[in-house]
Amino acid sequence: MPPRRTASIVVITAILADLPWAAYRVRVQLRVRKWFCRNRSCHCRIFTERLPTIAAPWARRTLRLAQRLVALGMALGGTAGVHLGHQWDVAVSRNTLLRLLRRQPVPSLLPPQSSC
């Protein structure tokens, strides 16, 4: 049974950080709806709208910013990535860059082939 009764419109208090616009830091505030399920056997009683193209559930930054930070960490690493991030007006720590890199899946590498 699909959820039908709207609980409320909730303003998320965890505001998302986004890529800077010109010299300004950008924060995104989202409004999402919540629903209650009337089916008593349903293990999820409350449903909230998801925005998969904007942010992951419980994220503190948008997907665009997260992808940029991963690329920054891949290219430069921790400390150098922080220095370039500050030049781009993106506040990030070296630990955050390294944590984002650790969360990435390990690329599968093919064994080297001999040409003989």
query: Under 4.5 Å between side-chain heavy atoms, hopping through other hydrophobics if needed: is there a path connecting L19 to L51?
result: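 No; L51 is not reachable from L19 via cluster members.
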
task: Report whether L63 and L101 are members of the same hydrophobic cluster (ILVMFWY, side-chain heavy atoms less than 4.5 Å apart, transitive linking).
output: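 L63 does not cluster with L101.
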
- prompt: Quick one: CG on L98 to OG1 on T79, what's the gap to the nearest 0.5 Å?
  reply: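 Between L98 CG and T79 OG1, I get 8.0 Å after rounding to 0.5 Å.
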
field: CG on L72 to CG on L65, rounded to 0.5 Å
entry: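 One gets 10.0 Å once the value is rounded to the nearest 0.5 Å.
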
If you compare all heavy atoms of [X] against all heavy atoms of [Y], which two are closest, and at what distance to 0.1 Å?
| X | Y | answer |
| --- | --- | --- |
| A55 | L16 | CB-CD1, 3.7 Å |
| V92 | H86 | O-NE2, 4.1 Å |
| L97 | L69 | CD2-O, 3.4 Å |

field: R68 side chain near V90 side chain, heavy-atom distance below 4.5 Å
entry: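 No, side chains not in contact.
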
message: Within the structure provided, determine whether R61 and L100 are in side-chain contact (heavy-atom separation under 4.5 Å).
response: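 Touching, per the 4.5 Å side-chain cut-off.
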
query: Who pairs with R94 by salt bridge (charged side-chain N to carboxylate O under 4.0 Å, His left out), at least two apart in sequence or on another chain?
result: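 Salt bridge (charged side-chain N to carboxylate O under 4.0 Å, His left out) check on R94 returns nothing, list empty.
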
message: List the residues meeting side chain to side chain donor-acceptor pair (under 3.5 Å) with Q67, not counting sequence neighbours, and say none if there are none.
response: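 Scan of Q67 (side chain to side chain donor-acceptor pair (under 3.5 Å), adjacent residues dropped) gives none.
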
Carboxylate-amine/guanidinium proximity below 4.0 Å for D18 and R64: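 Counted as a salt bridge, because a side-chain N and a carboxylate O are separated by less than 4.0 Å.
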
- prompt: Taking the six-membered ring of W21 as reference, does the NZ or CZ atom of R27 fall below 6.0 Å from its centre and within a 45° cone about the axis?
  reply: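 Judged by the rule, R27 and W21 form no cation-pi pair.
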
